There are 2 protein chains.
Amino acid sequence: MTTIYLAEDQEMLNTALATLLGLEDDLNVIGTATDGQTALSEIIQKKPQIAILDIEMPKLSGLDVAEQINLLNIPTKVIILTTFARAIYFEQAVKANVNGYLLKDNPTDQLVKTIHEVLDGQTIFSPELVTTIISAEKNPLTKRELEVLKEIKTGKNSKEIAKSVFLSDGTVRNYISSILSKTGTSSRIEALNIAEKNKWI
Amino acid sequence: MTTIYLAEDQEMLNTALATLLGLEDDLNVIGTATDGQTALSEIIQKKPQIAILDIEMPKLSGLDVAEQINLLNIPTKVIILTTFARAIYFEQAVKANVNGYLLKDNPTDQLVKTIHEVLDGQTIFSPELVTTIISAEKNPLTKRELEVLKEIKTGKNSKEIAKSVFLSDGTVRNYISSILSKTGTSSRIEALNIAEKNKWI
DNA sequence: TCAATAATGTGACAAATGTCATAGAAACAT
DNA sequence: ATGTTTCTATGACATTTGTCACATTATTGA
């Protein structure tokens with residue numbers, strides 16, 4: 001009997017999956033949570049064989065939980081289950097040594113199948129995910145530029161951004177100029193739109 | 001035996017709910033779709049007693065489908081099932097005479113319960129939804145201002161917006177000035193953030 | 001019908017934004 | 001060891017953005 005822990009913040013999906021997985025005769029859902037913090041502490045305590053983690057959850061993201069599980073050397077195998085095929089998420093997941101990464105864009109059968117494959121020792125990544133990652137525009141922005149772009153998103157003006165990131169106003173504006181030229185845009189909002197479309201932020 | 005049609009574009013939830021509802025011994029899921037267009041034509045053809053509709057779906061939104069069902073006088077009762085407690089969605093749903101509006105932030109039991117209540121002739125709205133709607137800032141923007149704000153979102157500058165909405169550059173800037181003052185902000189991006197937070201756009 | 005609001009416009013001004021040239025230091029890759 | 005990229009900065013400039021005062025015409029709710 002395989003023990004499973006499920007962390008998913010959308011109640012409807014959480015309860016639906018918990019019930020469904022429980023119906024499989026070799027799977028046993030030993031706990032569920034709707035936030036990352038609860039999930040982590042219960043996983044540490046209960047040591048399930050498999051943890052299914054959503055990414056976007058309150059308090060602690062599924063990726064943070066995965067990272068902790070990895071660092072603490074807990075034997076639980078992790079499957080990330082998410083809506084988003086973001087490059088950043090994917091990279092973080094790989095770093096955290098997750099055993100599976102499945103998109104919610106798949107039927108439940110696929111989840112069950114993935115659980116079995118992961119139990120079998122395989123590492124499984126959704127093919128659509130891999131395709132998306134490959135076809136996404138590679139982020140041409142430097143660390144600093146990305147940092148500035150994130151500040152832009154909050155609606156700050158150049159001076160405020162400068163204060164936040166400890167740079168001069170002029171430097172910030174130079175970075176923005178560079179961001180615009182790299183994204184082929186001519187205003188902050190356009191640049192944000194491009195970055196969001198390509199999942200850079 | 002109650003016939004149910006389910007339209008939900010996220011495969012994982014779609015399949016999970018279809019299976020779960022099928023397990024109830026008085027419910028029979030006679031079809032599912034992952035886009036609004038398919039859902040509408042199948043609902044017209046199969047005339048289920050209940051249609052469960054997600055809002056954000058490709059091709060046709062769940063609200064569009066609900067509206068059509070209402071206009072065509074199809075006897076199917078509609079339950080909207082969505083993540084979002086947006087005022088605009090809610091208003092549209094009321095206009096389309098839907099019989100229920102449930103947030104995905106509820107467990108599956110709640111969905112089953114709602115189905116039974118709706119069958120029973122009741123009209124059910126998620127209490128959290130009602131609370132959210134009441135507590136949301138009322139949109140202080142005029143039609144024109146909102147129109148301009150949507151243009152802002154695309155990243156256009158004042159002149160481009162002026163062209164799109166057939167106004168003078170100065171007028172557009174006046175509208176923007178008014179938007180900023182009404183939202184208590186001092187830049188386009190801040191205004192967008194506020195509008196998005198309050199689900200005005 | 002009357003007052004308030006909305007829609008539209010102009011002109012003028014201050015501030016913010018974006019561009020460009022230029023340059024030194026640090027980090028990194030080959 | 002050397003060349004490239006990144007990080008940081010300044011000054012000058014043109015353009016855009018946002019504010020304000022003011023004015024005319026619909027529209028509309030009371």
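Quick caveat, the model's predicted, so the values are computed rather than measured.
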Self-check item: Neighbours of DNA chain C within residues 151-162 of chain B, by heavy-atom distance under 4.0 Å
Solution: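 Under 4.0 Å from DNA chain C: no residue of residues 151-162 of chain B.
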
Quiz item: What residues in residues 176-189 of chain B put a non-hydrogen atom under 4.0 Å from any atom of DNA chain C?
Solution: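 Within this stretch, nothing sits under 4.0 Å of the strand.
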
Quiz item: Any salt bridge (charged side-chain N to carboxylate O under 4.0 Å, His left out) pairs touching residues 29-57 of chain B, not counting sequence neighbours?
Solution: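 Of all non-adjacent pairs touching residues 29-57 of chain B, those that pass salt bridge (charged side-chain N to carboxylate O under 4.0 Å, His left out) are B/E42-B/K46, B/D54-B/K104.
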
Mind checking side-chain contact (heavy atoms from CB on, under 4.5 Å) for [X] and listing every partner two or more places apart, or none if nothing turns up?
X: A/S178; answer: A/E145, A/K182
X: B/Q68; answer: B/L40, B/L71, B/L72
X: B/T2; answer: B/I4, B/L27, B/Q49, B/I50, B/L119

Practice problem: State which residues pass side chain to side chain donor-acceptor pair (under 3.5 Å) with A/T83; sequence neighbours excluded, sorted by chain then number. | Solution: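 Checked A/T83 against side chain to side chain donor-acceptor pair (under 3.5 Å); zero matches.
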
Quiz item: Which of these passes side-chain hydrogen bond (donor to acceptor under 3.5 Å, both in side chains) with B/S158: B/R173, B/R188, B/E151?
Solution: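 Option passing the side-chain hydrogen bond (donor to acceptor under 3.5 Å, both in side chains) with B/S158: B/R188.
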
Quiz item: Roughly how far, to the nearest 0.5 Å, is CG of A/N174 from CG of A/L167?
Solution: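 Interatomic distance, A/L167 CG to A/N174 CG, rounded to 0.5 Å: 10.5 Å.
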
Quiz item: How many angstroms lie between atom CD1 of A/I52 and atom CG of A/L17, to the nearest 0.5 angstrom?
Solution: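 Rounded to the nearest 0.5 Å, the CD1-CG separation comes out at 7.0 Å.
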
Quiz item: How about A/T76 and A/Y5: do any of their side-chain heavy atoms sit closer than 4.5 Å?
Solution: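 A side-chain contact under 4.5 Å is absent here.
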
Quiz item: Between A/E24 and A/I115, is any pair of side-chain heavy atoms under 4.5 Å apart?
Solution: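 A/E24 vs A/I115: side chains apart.
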
Quiz prompt | With sequence neighbours excluded, residues passing ring-ring contact (aromatic ring centres under 6.0 Å, His included) with B/F125 | solution =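 If we apply the ring-ring contact (aromatic ring centres under 6.0 Å, His included) test to B/F125, skipping adjacent residues, the hits are B/F90.
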
Quiz item: Are side-chain N/O atoms of B/S126 and B/N106 paired as donor and acceptor at under 3.5 Å?
Solution: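 Distance-only check passes for B/S126 and B/N106.
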
Exercise. State whether a side-chain donor-acceptor pair under 3.5 Å links A/S186 with A/E190.
Key: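 A donor-acceptor contact under 3.5 Å links the two side chains.
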
Practice problem: Identify the 5'-most and 3'-most nucleotides of DNA chain D with at least one atom closer than 4.0 Å to a non-hydrogen atom of chain B. | Solution: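 So the contact region on DNA chain D extends D/dT16 to D/dC20.
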
Exercise. Assign a letter to each nucleotide of nucleotides 7-13 of chain C from its 5' end: B, base within under 4.0 Å of a protein heavy atom; S, sugar-phosphate only; -, no contact.
Key: SBBB-B-

Quiz prompt | Sequence-distant partners of B/E160, salt bridge (Lys or Arg N to Asp or Glu O under 4.0 Å), two or more places apart | solution =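 Result, salt bridge (Lys or Arg N to Asp or Glu O under 4.0 Å) vs B/E160: none returned.
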
Quiz item: Using the C1' atoms of five pairs at each end, what's the angle between the two axes of the helix from C/dT1-D/dA30 to C/dT30-D/dA1, to 10 degrees?
Solution: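 Axis-to-axis angle, ends of the helix: 60°.
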
Practice problem: Answer yes when A/R144 and A/E147 have at least one side-chain N-carboxylate O distance shorter than 4.0 Å, and no when they do not. | Solution: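 Between A/E147 and A/R144 there is a salt bridge, with a charged N closer than 4.0 Å to a carboxylate O.
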
